[in-house]
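Atoms considered below: every heavy atom in the structure, side chains included; atoms not considered: hydrogens, waters and symmetry mates. Atoms within each ligand, like the ligands themselves, are counted from 1 in listed order. As the structure is a prediction and not an experimental result, all values here were calculated from the model.
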Amino acid sequence: MTKTRRMMEENIALVDIVAELVDARIPLSSKNPDIDKLAVNKKRIIILNKADLADSKKTDMWKSYFADEGFKVICTDSKTGNGIKEIYPACRELMKEKIERLKARGRILVPSRVMIAGIPNVGKSTLINKLVGRPLTKTGDKPGVTRSKQWVKIKKDLELLDTPGILWPKFDDEAVGLNLAFTGAINDDILEKNEIAVRLTDKLVKEYPGCLEDRYKVSEEESPDEIFINIGKNRGFLTKGGEIDALRTASVFLDEFRGGKLGKVTLEIPQK
Ligand code: G4P
């Protein structure tokens with residue numbers, strides 16, 4: 001068993017609630033299915049983070065999808081803090097029955113415990129910092145680094161594990177790998193930037209027609225390769241030899257997409 005997985009198991013054993021963050025633009029691709037096995041018997045929350053970048057109609061579809069799967073669902077923008085205040089009431093609601101039961105038996109009530117988990121880059125550290133109200137964890141991922149566990153009081157009856165649980169993304173499926181690459185969840189080196197950019201062009205023409213035309217004044221009638229070249233041309237990204245600077249075009253295009261400049265985009269919808 002890997003160290004990361006062992007740490008996850010140890011941490012999950014200590015909590016009542018596992019709140020899993022996914023990227024609202026790719027809720028399934030950014031979800032590690034292993035957590036369902038690891039967190040069996042735990043109360044579960046799905047947090048659709050980066051909701052500010054996602055297509056709100058599709059976010060609603062994902063909310064119903066995960067609710068049907070038995071999760072409590074919350075949408076957040078961790079950068080501004082939108083939606084974060086829903087986490088505490090959701091935890092209370094999930095723990096209500098257990099607390100009532102303990103109360104009825106006259107037991108002393110201890111605070112419920114929650115941990116945040118998710119693949120890299122979904123916004124775990126940003127969310128924890130907002131939830132706690134001060135910087136706590138270092139942004140970055142060092143699975144397997146052992147240090148003592150610390151609990152942070154969110155309210156008198158809720159404590160948060162101060163370090164998030166890190167899960168690795170699963171991308172056996174090409175479409176999942178591409179979605180992770182488009183949103184920047186996996187390193188651009190895994191696939192070539194130009195390749196990612198051309199594939200994203202293709203996807204956007206199909207799913208959000210008009211979006212490239214609006215921003216880059218390119219015709220969407222052309223092939224994805226042509227569209228990509230025209231984006232570079234229209235932006236004036238040329239090399240000394242007058243060719244388009246493909247790497248610069250890809251970098252700017254991907255940065256703009258990831259930063260929401262092409263509009264609110266969700267790249268997958270629930271399949272039932
Ligand atoms: P992690 O712990 O899960 O690895 O993710 P982390 O908090 O480091 O966030 C990864 C990136 O996503 C950061 O951007 C962060 O600002 C951004 N982010 C997190 N939550 C949200 C959100 O709800 N909405 C939006 N739009 N962005 C979010 P970065 O570019 O790496 O850093 P920075 O330039 O913001 O400092």
Side-chain angles (χ1 to χ4, degrees), residues 4-5 7-8 11-12 18-32 34-35 38-39 45-56 58-60 62-63 66 73-87 90 114-145 147 149-150 152 160-171 176 179-190 193 196 250-267:
T4 322
R5 194 183 158 100
M7 260 186 65
M8 264 309 279
N11 289 342
I12 286 177
V18 176
E20 185 185 3
L21 252 78
V22 295
D23 184 326
R25 296 167 298 174
I26 50 164
L28 216 53
S29 298
S30 59
K31 188 175 182 327
N32 178 316
D34 291 347
I35 196 167
L38 291 170
I45 301 178
I46 284 275
I47 301 179
L48 294 160
N49 192 42
K50 306 200 184 185
D52 54 308
L53 299 174
D55 179 333
S56 57
K58 292 185 184 170
T59 299
D60 286 343
W62 281 110
K63 275 162 105 173
F66 285 118
V73 192
I74 295 172
C75 291
T76 52
D77 166 359
S78 296
K79 266 186 139 170
T80 62
N82 257 347
I84 302 261
K85 63 177 186 326
E86 287 174 38
I87 296 175
V114 58
M115 77 179 283
I116 304 289
I119 67 166
N121 266 318
V122 284
K124 298 180 295 301
S125 308
T126 312
L127 181 126
I128 289 180
N129 293 344
K130 268 279 178 324
L131 191 60
V132 174
R134 66 193 147 90
L136 256 190
T137 44
K138 276 207 183 84
T139 302
D141 299 290
K142 287 265 184 298
V145 176
R147 62 182 189 83
K149 293 181 202 341
Q150 294 188 31
V152 186
L160 170 80
L161 184 63
D162 75 339
T163 39
I166 297 161
L167 299 155
W168 296 124
K170 277 233 159 142
F171 44 97
V176 171
N179 282 340
L180 293 165
F182 295 152
T183 53
I186 53 171
N187 205 313
D188 285 337
D189 303 340
I190 294 177
K193 252 191 180 171
I196 302 170
S251 301
V252 170
F253 173 53
L254 289 172
D255 279 354
E256 293 193 349
F257 169 74
R258 290 168 186 168
K261 300 253 166 55
L262 276 76
K264 294 180 190 294
V265 168
T266 298
L267 297 172

Please check: side-chain N/O of D55 versus main-chain N/O of T266, any donor-acceptor pairing under 3.5 Å? no
Excluding sequence neighbours, so at least two apart, what forms side-chain hydrogen bond (donor to acceptor under 3.5 Å, both in side chains) with K170? D34
Minimum side-chain heavy-atom gap M115-I12 below 4.5 Å: yes
For L21, which part has a heavy atom under 4.0 Å from ligand 1: side chain, backbone, both, or neither? neither
Check: P120 N/O within less than 3.5 Å of ligand 1 N/O: no
Look at the side chain of S30 and the backbone N and O of D23, then say whether any donor-acceptor pair between them is shorter than 3.5 Å. yes
Go through ligand 1 atom by atom and flag the ones less than 4.0 Å from a non-hydrogen atom of T126. 6 (P), 7 (O), 9 (O), 15 (C), 19 (C)
Could you check whether any side-chain heavy atom of K193 comes within less than 4.5 Å of a side-chain heavy atom of L254, counting everything from C-beta outward? yes
Which atoms of ligand 1 sit under 4.0 Å from any heavy atom of D77? 22 (C), 23 (O), 24 (N)
Relative to ligand 1, is D52 under 4.0 angstrom through side chain, backbone, both or neither, heavy atoms considered? side chain
Any N/O pair V122/ligand 1 closer than 3.5 Å: yes
According to side-chain hydrogen bond (donor to acceptor under 3.5 Å, both in side chains), who are the partners of T76, at least two apart in sequence or on a separate chain? N49
Ligand-residue contact atoms, ligand 1 with K124, heavy atoms, under 4.0 Å: 1 (P), 2 (O), 3 (O), 4 (O), 5 (O), 7 (O)
